[in-house]
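In what follows, a structure is listed as structure tokens, so that the remarks can point back to it.
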Amino acid sequence: MTRYGRDAYDVAVPPSPPSVAAPASDGLSARSIGAPVSIRGVSKWFRTGRSFLQALEGIDIDIRPGEFLSLIGPSGCGKSTLLRLVGGLLPYEEGAVEVDGNSPARARDTKQIGFAPQTPSLLAWRTVRRNVTLLAEVNRRGAIHPPLGEAQVLELLETVGLGDFLDRLPKELSGGMQQRVSLVRCFALGAPVLLMDEPFSALDEITRNEMRYLLLDLWERTGHTVIFVTHSIPEAVILSDRVLVMATKPGRVVHAEDIELPRPRSAAMEDDDRFLAHMRSVRRALGEVSAR
């Protein structure tokens, strides 16, 4: 286990459940298994001139295999920083992070982590099909989880309504369609843990609402572990198994909301009393953060 700084924790990560064998059709009717993520006592500082700014303080989170976890909080509370620590893109000064029992650096090297950024970042000269397969093409070396096969990729593209656009270029797609390609590309890598940093923030509200349920469909079919950053309370509640509210100065978790809504989720659930109760609870926690 990689350790940083003066405080290190020995983290016991629960074993992953047995893998689910893929069906003979090479389809996605059976869920695969995501990987656990353990974050123990993690703190992070950034240098600002001659001083240091503490971005995160004592973050303790255990994420179950296949869990959909959302992080919500005010700007500057360290949500995106925490994603980068888990993804092995930033070091941390205290604590320990493990992805399926590996350090973030090892998990990144073995392609156990996929990213979905705020913007699609598609290559303009590659078609929809070839943009989706790009990560699998360039990330084969060292990967311990194989990328999805061609039939599985096509099934995911059909799922998000892009079956008739496989040979289109990004310039021929709307913003929402480009983001669908980005999501499928993330899932197609086959990484058991997906880190999503406000992937719908640039979309209009109608398209954003549609994308939530497309994402849920992809997740239900594949069973990845997802850590999702958002500023939208309804988005966090309808997507997640659990919502963590973060405060700033320094960034820390101040409230955990277990979402007690049945799956699969649907737009009709947004009128459910349980959904509204979770909304009020998360909003109240955010209000308390803002009042401090």
Counting only N and O atoms by type, is there a donor-acceptor contact under 3.5 Å from the side chain of [X] to the main-chain atoms of [Y]?
X: T230; Y: A236; result: no
X: S281; Y: A277; result: no
X: Y92; Y: V97; result: yes
X: Q178; Y: P170; result: yes
X: E98; Y: V37; result: no
X: R265; Y: S240; result: yes
X: N131; Y: L123; result: yes
X: T225; Y: V193; result: no
X: R40; Y: A96; result: no
X: Q179; Y: G176; result: no

Rounded to the nearest 0.5 Å, what separation is found between the [atom1] atom of [X] and the [atom2] atom of [Y]?
X: L85; Y: E93; atom1: CG; atom2: CD; answer: 8.5 Å
X: D60; Y: R252; atom1: CG; atom2: CZ; answer: 14.0 Å
X: I72; Y: C77; atom1: CD1; atom2: SG; answer: 9.5 Å
X: L83; Y: L89; atom1: CG; atom2: CG; answer: 9.5 Å
X: Q112; Y: L194; atom1: CD; atom2: CG; answer: 12.0 Å
X: L244; Y: H255; atom1: CG; atom2: NE2; answer: 9.0 Å

Looking at [X] and [Y], does any basic side-chain N land under 4.0 Å from a carboxylate oxygen?
X: R130; Y: D167; result: no
X: E257; Y: R280; result: no
X: D197; Y: K79; result: no
X: R212; Y: E205; result: yes
X: E155; Y: R221; result: yes

So which atom in [X] and which in [Y] form the shortest heavy-atom distance, rounded to 0.1 Å?
X: K44; Y: T81; value: CG-CG2, 4.1 Å
X: F115; Y: G87; value: CZ-CA, 3.7 Å
X: A188; Y: V132; value: CB-CG1, 3.9 Å
X: G66; Y: D241; value: O-OD2, 4.3 Å
X: D109; Y: K111; value: O-NZ, 3.0 Å
X: I61; Y: I63; value: CG2-CG1, 3.6 Å

Quick check: do [X] and [Y] have side-chain heavy atoms less than 4.5 Å from each other?
X: F200; Y: S232; result: no
X: V282; Y: V245; result: yes
X: E94; Y: V42; result: no
X: R126; Y: T133; result: yes
X: R64; Y: P36; result: no
X: V289; Y: M246; result: no
X: V226; Y: L69; result: no
X: V86; Y: V99; result: yes

### Candidate pair R180 and E210, rule salt bridge (Lys or Arg N to Asp or Glu O under 4.0 Å), full reasoning
CA-CA 10 Å; R180 295 183 207 181; E210 177 189 13; 3.1 Å; yes
### Task
Might you work through the side-chain hydrogen bond (donor to acceptor under 3.5 Å, both in side chains) test for D62 and S38, ending with a clear yes or no?
CA-CA 5 Å; D62 282 317; S38 180; 3.1 Å; yes
### Criterion side-chain contact (heavy atoms from CB on, under 4.5 Å) on E150 and R129, from CA distance to verdict
CA-CA 10 Å; E150 182 179 358; R129 187 199 311 261; 4.1 Å; yes
### Task
Assess the pair F46 and F52: is the distance between their ring centroids shorter than 6.0 Å?
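No - the distance between ring centres of F46 and F52 does not fall below the 6.0 Å cut-off.
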### Query
Between F187, F68, W219, which is the residue that forms a ring-ring contact (aromatic ring centres under 6.0 Å, His included) with H224?
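That would be F187.
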Are [Y] and [X] linked, directly or through intermediate hydrophobic residues, by side-chain heavy-atom contacts shorter than 4.5 Å (ILVMFWY only)?
X: L215; Y: Y213; value: yes
X: L239; Y: L276; value: yes
X: L90; Y: I59; value: yes

### Message
Apply side-chain contact (heavy atoms from CB on, under 4.5 Å) to residues W125 and L169 and explain how you reach the verdict.
### Response
CA-CA 7 Å; W125 59 90; L169 295 173; 5.7 Å; no
### Query
Should T127 and F165 be marked as a side-chain contact (heavy atoms from CB on, under 4.5 Å) after you check the CA-CA gap, both sets of side-chain angles, and the distance that decides it?
CA-CA 9 Å; T127 63; F165 298 87; over 6 Å; no
### Message
Let's go through V237 and E270 carefully: what are the C-alpha distance in whole Å and the side-chain angles of both, what is the deciding distance for side-chain contact (heavy atoms from CB on, under 4.5 Å) to 0.1 Å, and is it a yes or a no?
### Response
CA-CA 9 Å; V237 170; E270 296 187 30; over 6 Å; no
